[in-house]
Each structure stands twice: as C-alpha cells, then as structure tokens.
Amino acid sequence: MGIRKISHIGIAVRSLEQQKRLYGEVLGLELIGEEEVADQKVRVAMYRAGEVRIELLEPTASDSPIAKFLEKRGEGMHHVAFEVDALVPMMAQVKQQGVQLIDEVPRPGAEGQIIAFLHPKSTFGVLTELCQPGIHSPSACHSNPPQ
Ligand code: CO
C-alpha cells in the first residue's frame, strides 16, 4: 500500500486554447485527451510528459471551482495528484495521522477511477489529490477539482 508515483499536475488556466499552444506546440507534449466535465464546470486537456500527466483546467462557468481559484490566485499550479494502490486505506491512514480530507469518501473520476482530495490546510498549501486508477485505466487518474 502506498503512493506509486505522481499521476498528474493540475494547472488552472483562463484559456485552454492559449495554453494548448504552449504545451502542445511549444513544449511538444502529446495531447492525450480533452473533455468537458459538466459536473465540475471545467474543460480539461491532458498532456503526457513521460510518466506524468499535465492536466489543464479551464472553467466553463463563473461559479466553477477553477474560476474561484483563478480569481483568488490567478493562473498557475492548482494541485498535485499521487497515484495510490488502494485509495480507501490510504485515506484512512493519512486521516489517522491528522490530515484533514476534503473528500471523506472517494468520488468518481473519469475512466472508472476513484479520487479524494486532501485539504491544503493540512498539506502546507498544496492541494493534494490521491487517485486510484480504474480497472480499465491502469494508469489514467484524471480528476475533477474540488471547491
Ligand atoms: Co487532478
């Protein structure tokens, strides 16, 4: 049980189109998926950077959690996501160690995965996601940002 690797880094962006130029054309990363997550009011573009993914998050509405983040903090790093073998035991373990969870129960992510966020108050300002890939996505944690 434990953390396998960094799954992805979430980045809050105002304009996916502008950032896609940077990550795709300038930096030359491979775009591996793009989708709108209506529930969280974001549009997501995923890039592959070796083993790690870059998750660009653009708000689709002014009450999106990412819109609120952009208002407060501006564009930039939003969260880091660690891939774990077993999410529920890992959540219990960190909670027992005094870490506050945003998600007390796992929430579903895309592609059959389950995810949970740790509160940045407990992680020295870094919004931290734990994710466990679904059986159909051996290494494809892909998340929706929390409020
Ligand atoms: Co994420």
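From a predicted model like this one, the values you see are computed outputs, not experimental measurements. Remember, it's 1-based here, ligands and their atoms both numbered in the order they're listed.
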N, O or S atom of Cys131 closer to the Co ion (ligand 1) than 2.8 Å: no
Tell me if the CD atom of Gln96 is crowded by more than 12 foreign heavy atoms within 6.0 Å. no
Looking at side-chain heavy atoms only, is the closest gap between Glu58 and Val42 below 4.5 Å? no
From the N, O or S atoms in Glu129, identify the one nearest to the Co ion (ligand 1). OE1
Any donor and acceptor pair, going by atom type alone, linking the side chain of Gln132 with main-chain N or O of Leu87 inside 3.5 Å? yes
Hey, is the Co ion (ligand 1) within less than 2.8 Å of some N/O/S atom on His79? yes
Pairing of Glu36 and Lys41 as salt bridge, 4.0 angstrom limit: no
Can you tell me the N, O or S atom of Glu55 that's nearest the Co ion (ligand 1)? OE1
